[in-house]
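Below is one structure; the comments refer to it alone.
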Amino acid sequence: MSSPDHRAVAELVTEYLEDAMSPQDRAVFEGHLDGCSECRRELETMRRTIALLGTLREEDVPEATMEYLLGVYREILRAPEGGPA
Amino acid sequence: MTENIEAAGYGLADDRSLAARAKNGDGEAFAKLVRAHHGCMRRVAQSCGLGPADVETAIRNTWVAAVSRLDEVTASAVPRVWVLKTLLTQIDLVPTADVRHPPSVELPSDEGEETILASVERAIEAIPRREALVLEMRDIAGLTSAQVQGVMGVGAAEQRELLGRARRRVAQALNQP
């Protein structure tokens with residue numbers, strides 16, 4: 001960012017992407033983007049990063065952990081109210 | 001490729017339904033709840049600097065707490081927020097040094113999908129804890145901004161600031177020559 005205005009816009013990118021701007025602020029921001037390729041690049045970089053983060057895969061629960069938790073679950077639900085687990 | 005739980009069609013209604021069924025003795029519903037949140041919980045715990053064994057301990061203890069307090073979980077407006085808040089409490093209880101050891105982020109020479117995703121994981125591990133937590137919950141687990149604020153106990157502006165810094169750090173790490 002080469003000017004205070006650009007730095008301010010960079011800080012507003014998250015607000016824009018999080019849809020946290022008022023309609024008026026959003027219009028001002030988009031107006032700036034129209035004339036500023038550097039800020040458009042920053043916005044595009046953030047969008048690509050978010051898309052990439054969203055593709056991180058879930059993984060399986062380790063078998064030992066699942067067995068342990070199901071054992072605890074059955075034990076606790078079987079225990080009488082106020083009694084030992 | 002399995003995408004995050006929101007993208008896979010898993011949502012708040014599933015959380016509530018599974019928690020209610022688990023409370024009524026449905027073990028398979030409980031197992032589904034555990035599976036749905038494992039990846040997010042693992043990464044959140046890892047973001048706090050825990051090693052693999054401590055990560056598993058924190059996750060197990062969280063679910064033990066959840067099973068012991070299923071009334072609370074089902075009464076919670078957003079069960080996943082309850083689970084993640086409890087996880088953060090459990091992480092603080094794990095007797096380990098609360099120090100992050102950021103690995104260096106090595107960019108892939110072969111930009112295959114697996115390699116890129118591994119680089120993203122390493123980039124997340126290298127950023128400060130609170131920023132990583134917000135990023136994990138918002139961009140990977142798919143929690144709403146309000147839910148992330150609830151878990152972290154921060155306001156909207158601070159949450160956005162942490163999120164923005166985290167995204168920029170990951171983007172920079174991935175774009176470094």
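Only this structure's heavy atoms are used, side chains among them; waters, hydrogens and symmetry mates stay out. To find a chain, count down the sequence lines: A is the first, B the second, and so on, and within it residues start at 1. This structure is a prediction, so every number in the text was calculated from the model and none was measured.
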So, the part of A:E15 with a heavy atom under 4.5 Å from chain B: the answer is both

Among A:T65, A:V72, A:T45, the residue with the most heavy-atom pairs under 4.5 Å to chain B is A:T65

Is the positively charged end of B:R60 above the ring of A:Y68, judged by distance under 6.0 angstrom from the centroid and angle within 45° of the axis?
yes

Short N-O contact, B:E158 and B:R130, less than 4.0 angstrom:
yes

Under 4.5 Å to a heavy atom of chain A? For B:V120 that would be side chain

If the threshold is 4.0 Å, N to carboxylate O, is there a salt bridge linking B:R35 and B:D14? no

Can we say B:R42 and B:E136 salt-bridge, meaning some charged N sits less than 4.0 Å from an Asp/Glu carboxylate O? no

So, the part of A:A51 with a heavy atom under 4.5 Å from chain B: the answer is neither

In terms of heavy-atom pairs under 4.5 Å with chain B, the winner among A:L52, A:L17, A:I50 is A:I50

Salt bridge between A:E44 and A:R41, side-chain N to carboxylate O under 4.0 Å?
no

So, the part of B:A157 with a heavy atom under 4.5 Å from chain A: the answer is neither

Okay, B:R165 and chain A: the region with an atom under 4.5 Å from a heavy atom over there is neither

Checked B:A66, B:A156, B:G25 vs chain A; the most non-hydrogen pairs under 4.5 Å come from B:G25

